[in-house]
Amino acid sequence: MEIILKNGDKLSVDGGATCAQAAAKISDGLARNAVAAKVNGALCDLAHVLKEGDELEIVTLKDKEGLDVYRHTCAHVLAQALKNIYPTCSLAIGPVIENGFYYDIDFNTPITMDDLAKIETEMQKIIKAKTPIERFELPRAEALKLMQKYGEKYKVELINDLPEDSVISFYKQGSFTDLCRGPHLPNTGKIKAFKLVSIAGAYWRGNEKNKMLTRIYGVAFPKKEELEAHFTMLEEAKKRDHIKLGKELKLFALLNEGKGFPFFLPNGMTLKNTLVDFWRELHRKEGYVEIQTPIILTRTLWENSGHWDHYKDNMYTTVIDEEDCAVKPMNCPGGMLVYKLSPHSYKDLPLRMAEMGMVHRHEKSGQLHGLFRVRCFTQDDAHIFMLPEQIKDEIKGVIHLTDKIYSQFGFKYKIELSTRPENSMGSEEDWNIATDALKAALDELGRAYEINEGDGAFYGPKIDFHLEDSIGRTWQCGTIQLDFQMPQRFDLEYVGEDGQKHRPIMIHRAIFGSIERFIGILIEHFAGKFPLWLAPTQVKILPITDRTLGYANEVCKQLADAGIRCEVDKRNEKIGYKIREAKMEKVPYVLVVGDKEAEDGTVNVNKRGVEEKDTVKLDKFIKKVVKESAEKVIF
RNA sequence: GCUACUGUGGCUCAGCUGGUAGAGCAGCUGAUUCGUAAUCAGCAGGUCGCCGGUUCGAAUCCGGCCAGUAGCUCCA
């Protein structure tokens, strides 16, 4: 019989041939590297029997799907090993995740990190045995019986959730059988490089009301070298950890006295202020006005905005002169009040109103993490009030501004568009106009974006920006959200050309998202080596002996007068020692000044990351560093 | 919040199976005035996260609390 290959070629194979046999006919190499197959577009095992006219594509470890199959088999090997060691444990689910896999298990005895080595050894045994993995199918009723017989209560629950008439597939390797959709590797011997990395608690089906199971995480790669590279990357990420660097570089502090409320130290404050200055300058140029609304506002306002009913658990409340008040968790209600302060004409729109607003939210204690998740943070918020026909251009404007800001740090980013969810407010027509405007803005700018169907906020569609940092991790930062709710709740209006009152369209938008979080991301992105314009100390001056301290102070004064953040290391220490410290502080420019420099009016320039040293005239250096700082050079 | 782990001077860490704290760095003092990643010496600094229990005796064992870290979305 004949089958069709991916490239359109026809291949003749024996009747009843499997995908593996077909692969062998194509080439020995392909047969060796095959892990699964795609028949008529559907992923299946290599043992799958082909039919006349089937379209066949062999999947290898180079394919994302192939890698998933590989990792999924790892999860099964883990499960088998666990069953061998702990016969009474119950298996829940064991899916593939980025870089690896996990399995959720209900143990009768607690297990610890120390047990992982033992489990790995057992897994190695299973892999060495090259046990064939076989698929079989059962009708639902029999599948239930089988799992009940094995005492797998979670599997039973999973099968019960499947439709009555479904045929359930299982995979069997040696004495171990697991409920699974598949596909899997043909045998366990194909696994080459894996490691169990951690243990964590995880709720059955992700619901905190359910029992907490033990989750064992593993990573797996086709080659040992890739596994090692993965751990090298983790090491690198660990070195960049913003909590560690934040302490070393004296940027911020997290104290018991303020759980989730970061303290900004002088260096971190310089960083924060520099970011805010940069932000403010760009926003002014883009036609934004800036406001500041109070931190504490009355209960009536929060009732009006809906937060008192829907967000109260996350709000800090207080009583002032016997009146209930709340600390703002969001800036919008304050912004609405400002809009309402005076009547607006259609001629005033769009009105772009920005606010660097500090908000407080009571995040659950376990959610807190360094600057990434705090209970008090500054949003670079802005509310834009506009006419319906202005939506598209305003969105384009925000994206344009976002580009300017992100590119300053060398970030690439991805865009996601989220559309109307099920329980949402606003008319079908409003949603369509808004969603279409968002799409049109992205399309006109030629931006690629992913659509998250039904993932918008209940009050409007949104665009999210996901940054990619220097070691490939992504972070959600910026967001543009249309809001049909706030203008209605606050009864916002403007007078149109027709003399009638109309409701403006409003968007919330943020680019940094949270300044605190963004700073955390920047620390890790740059590994603490901030570009010149951001560096808390831009230039450090090191006199070789006390004789040149006077000259060092003069150099510092001139740089400071030129607007450069600089300092002199006045201590009576050897130059090598001072150099070492300045380098550890990751200062972009270190100037060494001794008798020679003092006499010639020069400085010896040591640039961060550059081996060669350069002696130049002081005025020349000042000009250069001022220019470079103003250019906000990336990296 | 839940599960696991962690919590010793400003920082990094040692302290084995309970006998009542130790180092390096930083700091201070003195000497040294030195040319590109740690000069030498001395001094000072901790009721071992907090509270309670067991014990003749607890940093060490037990319980509670507080704080930190990892994970808790990815459906067989």
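Only heavy atoms go into these numbers, but all of them, side chains included; no hydrogens, no water, no symmetry mates. Numbered from 1 within each chain, the chains take letters A, B, ... in sequence-line order.
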Test of understanding: with ring pair (Phe, Tyr, Trp, His ring centres under 6.0 Å), list the residues that count as partners of [X], not counting sequence neighbours.
| X | answer |
| --- | --- |
| A:Phe194 | none |
| A:Phe465 | A:Tyr413 |
| A:Tyr154 | A:Trp204 |

### Task
Taking A:Arg565 for its side chain and A:Thr537 for its backbone only, find out whether a donor-acceptor pair lies under 3.5 Å.
no

Pairing residues for [X] by the side-chain hydrogen bond (donor to acceptor under 3.5 Å, both in side chains) criterion, not counting sequence neighbours:
| X | answer |
| --- | --- |
| A:Tyr551 | none |
| A:Glu611 | none |
| A:Glu142 | none |
| A:Tyr70 | none |

## Note on the structure
Sorted by chain and residue number, the salt bridge (Lys or Arg N to Asp or Glu O under 4.0 Å) partners of A:Lys613 (sequence neighbours excluded) come out as none

Under 4.0 Å, heavy atoms only, any strand: does [X] hit a base, just the sugar-phosphate, or nothing?
| X | value |
| --- | --- |
| A:Glu597 | base |
| A:Glu573 | base |
| A:Ile544 | base |
| A:Lys596 | base |
| A:Lys259 | sugar-phosphate |
| A:Gly370 | sugar-phosphate |
| A:Asp595 | base |

Rounding to an integer number of angstrom, what distance separates [N] and [M] when you compare their [atom1] atoms?
| N | M | atom1 | result |
| --- | --- | --- | --- |
| B:A41 | B:G24 | P | 10 Å |
| B:C34 | B:U20 | C1' | 47 Å |
| B:C50 | B:G42 | P | 32 Å |
| B:G53 | B:U60 | P | 14 Å |
| B:A23 | B:G30 | P | 24 Å |
| B:A70 | B:C28 | P | 34 Å |
| B:A59 | B:U6 | C1' | 15 Å |
| B:U47 | B:G52 | C1' | 16 Å |

### Query
Can you find a side chain N or O atom of A:Lys578 that sits less than 4.0 Å from OP1 or OP2 on B:A38?
no

### Query
Looking only at side-chain N and O atoms, does A:Tyr577 come under 4.0 Å of OP1 or OP2 in B:G35?
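So the side-chain polar atoms of A:Tyr577 never come under 4.0 Å of the phosphate oxygens OP1 or OP2 of B:G35.
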
Taking only distance into account, with no hydrogens and no angle test, what donor-acceptor pairs under 3.5 Å do side-chain atoms of residues 165-172 of chain A form with protein atoms, sequence neighbours excluded?
unit_1	atom_1	unit_2	atom_2	d
A:Ser166	OG	A:Pro163	O	2.4
A:Ser169	OG	A:Cys180	O	2.4
A:Tyr171	OH	A:Asp45	OD1	3.3
A:Tyr171	OH	A:Asp45	OD2	2.5
A:Tyr171	OH	A:Arg135	NH1	2.8
A:Lys172	NZ	A:Gly174	O	2.8

### Task
Answer yes or no for A:Arg71 and A:Phe101: cation-pi contact, defined as NZ/CZ to six-membered ring centre under 6.0 Å and angle to ring axis within 45°.
no

### Query
Taking the six-membered ring of A:Phe526 as reference, does the NZ or CZ atom of A:Arg240 fall below 6.0 Å from its centre and within a 45° cone about the axis?
no

#### Entry: Contact nearer the 5' end of RNA chain B, comparing A:Leu213 with A:Gly260
A:Leu213

Rounding to a whole Å, what distance do you find between [X]:[atom1] and [N]:[atom2]?
| X | N | atom1 | atom2 | value |
| --- | --- | --- | --- | --- |
| A:Leu371 | B:U69 | CG | C1' | 15 Å |
| A:Glu363 | B:A67 | CD | P | 15 Å |
| A:Glu248 | B:A37 | CD | P | 20 Å |
| A:Phe372 | B:G68 | CZ | P | 16 Å |
| A:Asp241 | B:A70 | CG | C1' | 12 Å |
| A:Met584 | B:A26 | CE | P | 9 Å |
| A:Arg580 | B:U36 | CZ | P | 16 Å |
| A:Leu249 | B:C11 | CG | P | 15 Å |

### Query
Considering only B:U69, B:G35, B:U39, which nucleotide approaches the side chain of A:Ile575 most closely?
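From the listed options, B:G35 comes nearest.
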
Protein-nucleotides 71-76 of chain B N/O pairs closer than 3.5 Å?
unit_1	atom_1	unit_2	atom_2	d
B:G71	O3'	A:Tyr217	OH	3.0
B:G71	O2'	A:Tyr217	OH	3.2
B:C72	O2'	A:Tyr203	N	3.3
B:U73	OP2	A:Gly206	O	3.0
B:A76	OP2	A:Arg181	NH2	3.0
B:A76	O3'	A:Lys155	NZ	3.0
B:A76	O3'	A:Leu179	O	2.9
B:A76	O2'	A:Leu179	O	2.4
B:A76	O2'	A:Cys180	N	3.2

For nucleotides 43-48 of chain B, print each protein N/O atom paired with a nucleotide N/O atom at under 3.5 Å, atom names and distance only.
none

### Task
Report the stems of RNA chain B as range-with-range entries sorted by first number; a stem here is at least three consecutive pairs, Watson-Crick or G-U wobble, both distances under 3.5 Å, and write none if there are none.
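Detected stem regions: B:1-7 with B:66-72, B:10-13 with B:22-25, B:27-31 with B:39-43, B:49-53 with B:61-65.
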
### Geometric class of the A:Phe372/A:Trp475 ring pair [parallel <30°, tilted 30-60°, perpendicular >60°]
tilted

### Query
Hey, is A:Arg571 close enough to A:Asp569 for a salt bridge, meaning N to O under 4.0 Å?
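So A:Arg571 pairs with A:Asp569 through a salt bridge.
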
